[in-house]
Amino acid sequence: MAESIEDDDSAYIIKEGDYVVLKRGDIFKAVQIQPRKKVMFEKQWLFLEKAIGQLYSTAFEVVSGGHLEPQKAKTTESSADAKEAGVDNRNIVDDGKSQKLTRDDIETLKEQGLKGQEIIQQLIENSSTFSDKTEFSQQKYIKKKKKKYESTIMILRPSCRILAMMYHGREPGKICHLRYDTLAQMLTLGNIHAGSKVLVFETCSGLVLGAVMERMGGYGSVVQMYPGDGPVQAGLESFGFPPHFHDTLHTFPICHVNALLAGTLDTDPAKELAADSSDASVPSKAGEEAGRTDTDTGGEGGGGGGESSLEEVKMETSTPAQVEQSEREKLKAIRLQEKQEKMEVKRKKLAEAAAQLQGKNADGLIIASRFHPAPVLLGLIKFLAPSRPFVVYSQYKEPLIECYTKLKEHGSKEHGGVVNLRLTDSWLRHYQVLPNRTHPVLQMSGGGGYLLSGTTVDMHNAKAASSQQADKPPPAKKLKLTGSEG
Amino acid sequence: MSFVEYSERVQAGDVVIVYLGHESMMPVKVQAGGQTQTRYGAIRHSSDLIGKRYGSKVTCSKGGWVLVLHPTPELWTVNLPHRTQILYTTDIATITMMLELKPGSVVCESGTGSGSLSHAILRTIAPTGHLHTVEFHQQRAVEVEQEFREHRVAHLVSVRNQDVCRDGFGVAGVADAVFLDIPNPWEAVGHAHTAMKRHGGRLCSFSPCIEQVQRTCEALAQRGFYDLSTLEVLLRVHDVRTVGLPLPHFGPDQSPAPAQSPAPAQSPAPAQSPAPAQSPAPAQSPAPAQSPAPAPVHASLAIKTTTPPRSMAGHTGYLTFATKPRT
């Protein structure tokens with residue numbers, strides 16, 4: 001048992017370069033701590049360097065110039081000074097005249113350097129109706145004003161919970177409107193845990209990938225299957241994972257899936273390397289051509305090839321000195337070499353990812369993308385071992401109905417078969433809990449997307465299997481009959 | 001087999017889930033020489049299960065077949081022997097994320113109950129975390145401990161048979177997260193505080209009644225917990241169906257516009273020319289044939305859709321989350 005082993009603070013100190021999350025009220029923003037870097041948060045410019053050396057979950061006051069100042073021991077809610085309060089709102093008239101301070105007055109107060117708390121006090125004193133409000137209403141008023149005038153910011157360590165809530169609140173479009181509780185269902189239904197091998201296909205800015213990696217804790221492996229030119233992992237860095245986590249992450253382009261399944265995927269580095277190095281020794285047109293074909297196959301670095309050919313043209317039109325040309329050619333050779341090394345690393349990585357998939361023995365499959373889920377699911381489920389869970393997210397229900405139908409139809413022909421197929425969504429409601437004022441929060445999310453989950457099985461290879469059907473009921477009925485007879 | 005690690009094949013001593021058919025499963029302890037009766041006949045463990053690949057078919061003595069599944073905490077939740085009311089996967093998933101559980105987390109839980117949540121916690125915090133679970137019912141504590149051993153997760157968990165409200169969790173300053181599912185959680189808030197790390201952590205309390213939530217929130221706020229958040233999460237299942245929707249027939253089409261088929265696209269046509277009068281209006285439509293189509297009988301459209309179940313769990317409990325500040 002971990003008896004207060006890590007009781008020292010060193011693990012909890014905010015350091016330069018850390019990925020953190022700023023929190024104000026219910027608003028989050030993921031940023032990296034960089035000295036002298038201006039950060040815009042909630043319409044305020046901030047400098048975060050003063051946070052370096054402080055502890056995580058510290059509350060900071062934003063002072064003049066956008067600098068942070070650790071908040072002094074939290075001044076407990078000054079609701080103790082309960083003065084007079086009204087019984088109900090029958091005497092309160094909304095004539096817009098109850099607040100004697102004008103906008104300009106408040107601005108002046110701010111410029112004088114008054115803290116949020118003091119401004120609120122001023123507002124209360126200058127409100128002609130405050131004392132007529134009910135006690136509850138007064139508290140609500142103070143809470144509302146606090147939100148507006150107090151600029152307390154908390155710096156948190158990133159986590160799947162916080163980032164999922166942040167994306168959902170700020171940029172739901174970037175995560176296909178995946179609500180945090182739906183993501184939670186995915187991780188649990190997918191049985192994501194340390195030591196397993198999980199395939200992830202997502203276009204949620206890396207949030208789903210990061211969530212999976214957090215649950216794996218750097219044990220096991222994750223293969224990100226990606227569409228197009230490269231994997232989208234923009235949100236992954238916000239998790240601030242230690243470097244060894246990234247060693248467990250492999251990426252594989254789905255455009256190679258068919259080749260991999262057919263056994264024609266060429267990832268033999270030795271062969272290609274030999275071809276490249278022979279080209280490299282001839283750093284002229286031939287070399288450039290080789291470079292170009294590399295670009296084609298790799299699908300990346302196209303810009304580099306184009307540039308060098310442009311240079312070539314320039315050089316040909318103006319040849320002032322032979323020396324310069326040879327110099328340039330040398331440079332080009334180096335560049336080419338670097339490029340080939342890069343390609344080589346890439347090829348090696350592809351080979352590694354392919355090796356992860358080859359055995360078709362992955363332990364989990366998580367899909368959350370803007371693509372039609374049916375082809376994605378049917379294409380990737382083949383890489384799962386039998387008796388393993390898969391979870392597909394879609395913002396819409398209909399494509400998941402199609403997935404469901406196709407999985408049932410194709411049965412054991414296309415893949416091994418599936419059981420426990422379930423199409424679900426979840427309903428989430430928050431509550432305000434206050435003495436005598438507990439009720440559901442007025443606004444709630446209308447929907448968090450849909451999930452199709454199930455478990456793979458192997459319907460083949462059963463000796464004396466009475467039927468090859470994907471689902472059980474028919475043999476069950478037959479048996480029941482014979483059973484009752486006998 | 002272990003609840004925290006997959007294996008490829010069934011071995012003696014494993015606990016497997018036998019899938020009998022739609023929504024019908026049962027847990028089976030695999031023992032050399034053992035036998036399990038199902039409605040499809042007997043499964044002989046030595047010949048039918050041991051050495052089998054997880055996820056494959058097993059033929060029973062009467063000729064029918066079942067599937068042998070690798071256990072997971074989610075399958076266990078729907079197959080475990082109930083000793084108490086249990087937490088289901090929807091709440092468990094939300095709890096796991098909101099408590100920020102991950103490999104290495106140290107968690108305190110009370111009560112253990114039937115161990116539904118405990119298994120899910122163990123799966124998530126393995127291989128380096130630890131669960132301290134407190135159950136005041138002696139027999140339940142003994143039984144769940146036995147299950148942890150059988151599921152090969154005993155090294156990750158300490159079961160204590162005591163009353164959490166009186167005696168606490170038996171640890172201090174170690175927990176990253178605390179979960180309370182007891183009748184009077186407000187009485188355990190102080191003990192939860194003690195069990196948690198000095199640096200802070202997350203707490204969750206599950207209560208079916210709003211009055212419990214009320215008192216718990218008051219106790220939490222008093223103890224300095226912040227970011228209190230109470231929520232409810234429900235699972236909605238959509239059953240995929242093909243349904244036939246009969247199409248109405250309004251009698252033979254009297255309008256000059258030709259009726260080709262009783263497709264739904266046709267329906268606006270009668271609305272546009274409701275007059276049954278046989279006024280020859282050739283300009284109205286390029287009518288190729290005047291022969292009235294025979295009355296379609298029993299025309300219907302098959303639609304692939306989903307239906308909600310007739311009844312569903314409309315309430316399980318309120319989940320209250322809070323953060324403990326550093327102290």
Side-chain angles (χ1 to χ4, degrees), chain A residues 1-4 7 12 55 57 159-161 180-181 184-185 187-189 191 193-196 214-215 217 219 363 385-387 389 397 401 404-405 416 419 422-431 433 435 438 455-459 461-466 471-473 475-476 479-480 483, chain B residues 4-6 19-22 39-40 53-57 59 62-65 67 69-70 72 74 89-90 92-94 96-98 100 102-104 106 120 123-124 126-127 130 173-174 198-200 210 213-214 217-218 228-238 240 304 306 318 325-326:
Chain A
M1 270 161 277
E3 287 289 341
S4 43
D7 211 38
Y12 298 85
L55 292 160
S57 301
S159 73
C160 163
R161 167 182 75 99
Y180 42 92
D181 60 310
Q185 303 301 321
L187 298 168
T188 294
L189 291 171
N191 192 19
H193 64 276
S196 48
E214 183 182 287
R215 287 289 175 92
Y219 304 92
D363 297 318
S387 194
K397 188 167 69 173
I401 296 179
Y404 184 101
T405 312
V419 293
R422 207 146 75 137
L423 177 51
T424 60
D425 78 323
S426 54
W427 177 95
L428 180 74
R429 180 137 103 173
H430 288 266
Y431 284 79
V433 181
T438 296
T455 304
T456 57
V457 291
D458 185 2
M459 289 292 187
N461 72 36
K463 24 170 194 162
S466 48
D471 221 339
K472 281 298 292 176
L479 270 159
K480 241 185 211 158
Chain B
V4 297
E5 206 179 342
Y6 282 119
Y19 178 88
L20 301 160
H22 187 62
R39 58 174 184 256
Y40 310 118
R53 190 169 190 203
Y54 275 110
S56 54
K57 281 182 178 175
T59 309
K62 286 182 189 165
W65 50 265
L67 290 157
L69 299 181
H70 197 287
T72 65
E74 287 61 53
T89 297
T90 312
I92 291 174
T94 310
T96 308
M97 176 187 268
M98 292 300 180
E100 305 191 331
K102 55 189 181 194
V106 176
R123 173 262 319 275
T124 303
H130 199 87
V174 299
R198 196 168 61 83
H199 308 280
I210 201 73
V213 173
Q214 190 84 60
C217 284
E218 279 167 43
L228 268 64
S229 157
T230 299
L231 56 88
E232 210 182 350
V233 60
L234 296 176
L235 186 75
R236 293 196 293 198
V237 177
H238 306 268
V240 179
K304 199 101 197 172
T306 66
Y318 300 104
R326 55 179 298 112

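Just so it is clear: chains get the letters A, B, ... in the order the sequence lines come, proteins before strands, and each one is counted from 1. Side chains included, hydrogens not; waters and symmetry mates left out as well; all remaining heavy atoms used. Note that the coordinates shown come from a computational prediction; the quantities given were computed from them, not determined experimentally.
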- side chain to side chain contact (heavy atoms under 4.5 Å, CB included) between A:H193 and B:Y6: does it pass, once the steps are laid out? CA-CA 10 Å; A:H193 64 276; B:Y6 282 119; 3.6 Å; yes
- A:Y404 and B:K304: CA distance, side-chain angles, deciding distance, side chain to side chain contact (heavy atoms under 4.5 Å, CB included) verdict: CA-CA 11 Å; A:Y404 184 101; B:K304 199 101 197 172; 5.8 Å; no
- Task: Show the numbers, then the answer: is there a salt bridge (charged side-chain N to carboxylate O under 4.0 Å, His left out) between B:E100 and A:R161?
- Result: CA-CA 6 Å; B:E100 305 191 331; A:R161 167 182 75 99; 2.8 Å; yes
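- Residue B:Q214 touches chain A through both its backbone and its side chain, counting heavy-atom pairs closer than 4.5 Å.
- Note: B:M97 leads B:M97, B:H70, B:M98 in heavy-atom pairs under 4.5 Å with chain A.
- Only the side chain of B:E74 has a heavy atom closer than 4.5 Å to any heavy atom of chain A.
- Contacts between B:R53 and chain A at a heavy-atom distance below 4.5 Å involve the side chain alone, from C-beta outward.
- Here B:K102 contributes atom NZ and A:C160 contributes atom SG; the two are 10.0 Å apart, rounded to the nearest 0.5 Å.
- Considering only heavy-atom pairs separated by less than 4.5 Å from chain B, the leading option among A:L423, A:I401, A:L189 is A:L423.
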- Message: Please determine whether side chain to side chain contact (heavy atoms under 4.5 Å, CB included) holds for the pair B:K62 and B:Y40, giving the CA-CA distance in whole Å, both sets of side-chain angles, and the decisive distance to 0.1 Å.
- Response: CA-CA 6 Å; B:K62 286 182 189 165; B:Y40 310 118; 5.6 Å; no
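- Within the 4.5 angstrom heavy-atom criterion, atoms from both the backbone and the side chain of A:R215 approach chain B.
- Interface check for chain B: of the options A:L55, A:V433, A:T456, A:N191, the most heavy-atom pairs under 4.5 Å are formed by A:N191.
- Options B:L234, B:T94, B:T306 differ in how many heavy-atom pairs under 4.5 Å they form with chain A, and the most are formed by B:L234.
- The residue from B:L69, B:T72, B:L67 that alone fulfils the side chain to side chain contact (heavy atoms under 4.5 Å, CB included) condition with A:S387 is B:L69.
- Residues B:T59 and B:K57 are not in side-chain contact: their nearest non-hydrogen atoms beyond the backbone lie 4.5 Å or more apart.
- Among A:T455, A:L187, A:D181, A:D363, the residue making the largest number of heavy-atom pairs under 4.5 Å with chain B is A:D363.
- Contact detail for A:M459 and B:W65: the closest heavy-atom pair is SD-CH2, 4.1 Å.
- With a threshold of 4.5 angstrom between heavy atoms, B:I210 approaches chain A through side-chain atoms but not through N, CA, C or O.
- For the options B:T124, B:T96, B:I92, heavy-atom pairs under 4.5 Å to chain A are most numerous at B:T96.
- When heavy atoms are compared at a cutoff of 4.5 Å, B:A126 approaches chain A solely by way of its backbone atoms N, CA, C and O.
- Residue-environment remark: CD (B:E218) exceeds the threshold of 12 foreign heavy atoms within 6.0 Å.
- Of the two parts of B:S229, only the side chain, counted from C-beta on, holds a non-hydrogen atom closer than 4.5 Å to a non-hydrogen atom of chain A.
- Among the candidates B:V233, B:L228, B:L235, B:T230, the residue making the largest number of heavy-atom pairs closer than 4.5 Å to chain A is B:T230.
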